[in-house]
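Notes follow the structure.
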Amino acid sequence: MEYNISQIVTDQFSMKYLSFGNGRKKLVILPGLSVQSVTGFAPSIINQYKCFTDDFTVYVFDRRSDPPDNYDIFHMAEDTVNAFTRLELSGIYLFGVSQGGMIALTIAATYPEMISRLSVSSTVMRMDEKRFDVIRKWIELAEKKNSTGLYLSIAKHIYPIDFFEQSKDAFAEIAKIVTDDELANFVKLANGIKGFDLTDKIAQIKCPVQLSYDEDDSVFVDDPASELKKQLGSLAGFESKSFNGYGHALYDTAPGFAEWLFGFFEEEKVGIC
């Protein structure tokens with residue numbers, strides 16, 4: 001399948017994105033915190049979301065390539081919305097995971113007119129010190145330029161143990177090509193999660209919301225899904241599902257996840273992924 005990797009360049013920032021599909025509707029995917037650009041994994045992403053390509057044009061956005069110091073989730077959301085505007089995207093079907101879920105929630109609360117439907121996975125509406133503990137360890141590894149330790153720690157925390165054991169050598173190989181600039185940017189983006197709190201704004205979300213989570217998520221503890229369900233559960237069209245046993249990266253590992261996501265965004269075609 002044909003796809004494009006492009007870059008938005010403004011006076012304030014540059015941001016890479018992947019696009020594919022030919023549909024009228026616009027699906028935007030905001031991935032989680034990453035060491036390297038997600039555009040490097042384009043074939044895998046396209047295969048994962050191939051059932052969307054007839055009805056949707058899919059956009060997958062990186063974070064900005066040159067994050068400043070003190071770059072928090074609210075600034076990430078602002079830059080991402082500016083990218084949407086540059087591409088003249090509206091009526092967006094928005095899917096965000098982990099850090100991307102925080103950004104997606106912020107966008108839906110701050111710019112509700114832009115979003116038709118919202119799905120978030122393995123994410124939080126507020127980040128306290130306890131929930132930040134795992135990310136803090138990743139920051140320490142990145143600051144020490146221990147890319148192998150960082151990749152293995154990320155993989156161990158986000159994937160089921162059997163998947164991690166089968167794949168850890170591959171993650172160690174990928175870590176060998178990580179650059180110092182990528183590690184420095186990772187530290188800035190990871191630090192941007194600290195103190196995130198959307199509690200006072202989350203009620204501004206008006207669109208239907210879908211929530212997915214693993215109750216034993218080893219990255220974000222203390223049951224953040226319950227907080228989101230309490231805040232968003234009264235919205236028309238709200239739905240949630242636990243994918244227990246598939247880890248923080250359940251959106252990559254749980255069988256049938258893409259089908260479930262597609263069913264939420266395209267209700268009349270449930271089950272055809």
Side-chain angles (χ1 to χ4, degrees), residues 1-8 14-34 36-63 65 77 79-101 103-105 107-108 111 113-123 158-159 163 207-212 237 239-241 243 246 248-273:
M1 178 179 293
E2 293 185 0
Y3 63 88
N4 293 302
I5 295 175
S6 305
Q7 184 165 250
I8 295 169
S14 61
M15 183 182 291
K16 284 186 178 180
Y17 68 94
L18 162 70
S19 61
F20 57 94
N22 302 294
R24 176 182 56 83
K25 296 182 178 181
K26 309 302 181 185
L27 170 64
V28 170
I29 300 174
L30 302 182
L33 177 66
S34 178
Q36 296 171 297
S37 170
V38 297
T39 60
F41 304 95
S44 296
I45 295 171
I46 292 166
N47 183 64
Q48 186 172 0
Y49 297 100
K50 60 185 177 183
C51 63
F52 284 87
T53 55
D54 288 338
D55 297 324
F56 291 83
T57 300
V58 183
Y59 298 83
V60 185
F61 285 88
D62 269 339
R63 307 294 179 265
S65 58
D79 284 341
T80 305
V81 167
N82 285 336
F84 294 171
T85 302
R86 283 294 182 110
L87 295 175
E88 299 182 344
L89 301 182
S90 61
I92 294 168
Y93 293 76
L94 183 59
F95 174 45
V97 305
S98 195
Q99 185 188 62
I103 297 169
L105 287 166
I107 291 172
Y111 302 92
E113 71 283 357
M114 298 187 76
I115 311 303
S116 293
R117 283 185 168 242
L118 170 67
S119 180
V120 293
S121 184
S122 301
T123 197
I158 71 173
Y159 292 117
F163 183 88
C207 65
V209 176
Q210 181 190 59
L211 170 66
S212 51
E239 62 179 69
S240 67
K241 185 174 180 178
F243 290 82
Y246 293 100
H248 183 81
L250 61 92
Y251 40 85
D252 289 335
T253 60
F257 183 85
E259 180 180 64
W260 183 67
L261 181 69
F262 184 81
F264 176 71
F265 284 145
E266 189 78 298
E267 290 181 292
E268 66 271 24
K269 295 186 178 180
V270 173
I272 69 166
C273 280

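Other residues, nucleotides and ligands place no more than 12 heavy atoms under 6.0 Å from the CD atom of E88. For K16, the NZ atom sits in a loose shell: 12 or fewer heavy atoms of surrounding residues, nucleotides or ligands are nearer than 6.0 Å.
Contact of the V97 side chain with the L30 side chain is not registered, since no non-hydrogen atoms from C-beta on lie closer than 4.5 Å.
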Name each donor-acceptor pair under 3.5 Å that joins a side chain in residues 38-50 to protein atoms two or more places apart or in another chain, with its distance.
{"from": "T39", "atom 1": "OG1", "to": "S37", "atom 2": "OG", "distance (Å)": "2.6"}
{"from": "Q48", "atom 1": "NE2", "to": "Y251", "atom 2": "O", "distance (Å)": "2.7"}
{"from": "Q48", "atom 1": "NE2", "to": "D252", "atom 2": "OD1", "distance (Å)": "3.2"}

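Side-chain contact, S65 with S14: a donor N or O sits under 3.5 Å from an acceptor N or O.
Partners of T80 according to the side chain to side chain donor-acceptor pair (under 3.5 Å) rule, which considers only residues two or more places apart in sequence or in another chain, do not exist here.
The main-chain N or O of S98 is found under 3.5 Å from a side-chain atom of T123 such that the two form a donor-acceptor pair. In this structure, the side chain of R63 engages the main chain of P31 through a donor-acceptor pair within 3.5 Å.
Atom CD of Q99 is separated from atom CG of L33 by 5.0 Å, given to the nearest 0.5 angstrom. Of the inter-residue distances, the one linking S6 atom OG with R86 atom CZ reads 13.5 Å to the nearest 0.5 angstrom. F257 contributes atom CZ, which lies 3.5 Å from atom OG of S212 (distance to the nearest 0.5 angstrom).
Between F265 and Y93, the ring-plane angle classifies as perpendicular under the 30° and 60° cut-offs.
When each of I92, I29, V28 is paired with Y59, the side-chain contact (heavy atoms from CB on, under 4.5 Å) condition holds for V28 and for no other.
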- Message: Test side chain to side chain contact (heavy atoms under 4.5 Å, CB included) on F95 and L118; report intermediate values, then the result.
- Response: CA-CA 6 Å; F95 174 45; L118 170 67; over 6 Å; no
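Annotation: cation-pi pair R24/F56 absent, no NZ/CZ under 6.0 Å from the ring centroid and within 45° of its normal.
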